[in-house]
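Okay, structure first, notes after.
Sequential numbering from 1 along the given sequence is applied to the chain's residues.
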Amino acid sequence: LSDFVGVQRLIGYGVGVAIAAVPAVVLPIRDWHHPIGLSHLISTSRGYWLFNTIQCVGMLDTVFVRAFGGPTAAGLYSISNRVVNPINIVTSSILSTITPAAAVAKREDQVLMLRRSTAIAAICGASFVAASPLIANVATRVLGDAYSGAERMIVGFIVAAALSGVSQT
C-alpha cells in the first residue's frame, strides 16, 4: 500500500496500525446502553492490550530485517521464519493444554505432567533438528534456485526453534 500511494514504508505501517487500532478503541466507548470511559476501558483490559502489543511488536522483525538488510535478507528471513512455525505450534499446543491442567493438579501429578511434556517436546525438537536439512532442501526446491542461499539459515532457524521449544516446556 505504501508503494501505491507513494509514502515511506514506516509511515504506511503507522497508518495501518492506526486504522486497525482506532475502531478497536472507539467502538467499545460508543456503546450507547452502557457508556464506558476510556480510562476504565484501559484499566479493565490492561492485560489484553499488553499481550496484543507485545505480540504485534514481535511481528515487526521482518520490517526491521528489510529496513536494515534489504528485500533479499527480508525474503530469506521470512522463509526461515515460516518454516519453523510448526515447531511453535507444537510448543504452544503443549503449553496451552498442560498449563491449565497443571494449575489444578496435585504436586505429584504436576511432576509427572512436566516430565511427559518435556519428553514430548524433546522428541519433537530432536525430530525437527534431524529433519532440518531435508526441510530446508525441500523449501528451497519449492521456492526455486533464487532461494538456495536460505538453506543454511532455514536449518539454523529450525535448530534454534527446536531448542527454544524444548526450553519453553
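Under the ring-ring contact (aromatic ring centres under 6.0 Å, His included) criterion, F157 pairs with Y77, sequence neighbours left out.
In the hydrophobic clustering, V138 connects to L134, V142, either directly or through intervening members, whenever side-chain heavy atoms lie under 4.5 Å apart.
Of all heavy-atom pairs spanning E151 and P133, the tightest one is OE2-O, 4.4 Å. Taking both residues in full, the closest heavy atoms of Q110 and A105 are given as NE2-O, 3.6 Å, listed atom of the first, atom of the second, then distance. Nearest heavy-atom pair, V159 versus S132, reported as atom, atom and distance to 0.1 Å: CG2-OG, 4.2 Å.
Atom CD1 of residue I158 and atom CD1 of residue I135 lie 4.0 Å apart, to the nearest 0.5 angstrom.
Sorted by first then second residue, the ring-ring contact (aromatic ring centres under 6.0 Å, His included) pairs that include residues 94-118, not counting sequence neighbours, number zero.
Side-chain contact between M113 and R116: absent, with no pair of heavy atoms (C-beta onward) separated by less than 4.5 Å. Inter-residue side-chain proximity for R141 and N137 is flagged as met; some heavy-atom pair is nearer than 4.5 Å.
The cluster map of Ile, Leu, Val, Met, Phe, Trp and Tyr, joined by side-chain heavy atoms under 4.5 Å apart, puts I120 and V111 in different clusters. In the hydrophobic clustering of ILVMFWY residues, with side-chain heavy atoms under 4.5 Å counting as a link, V17 and F64 come out apart.
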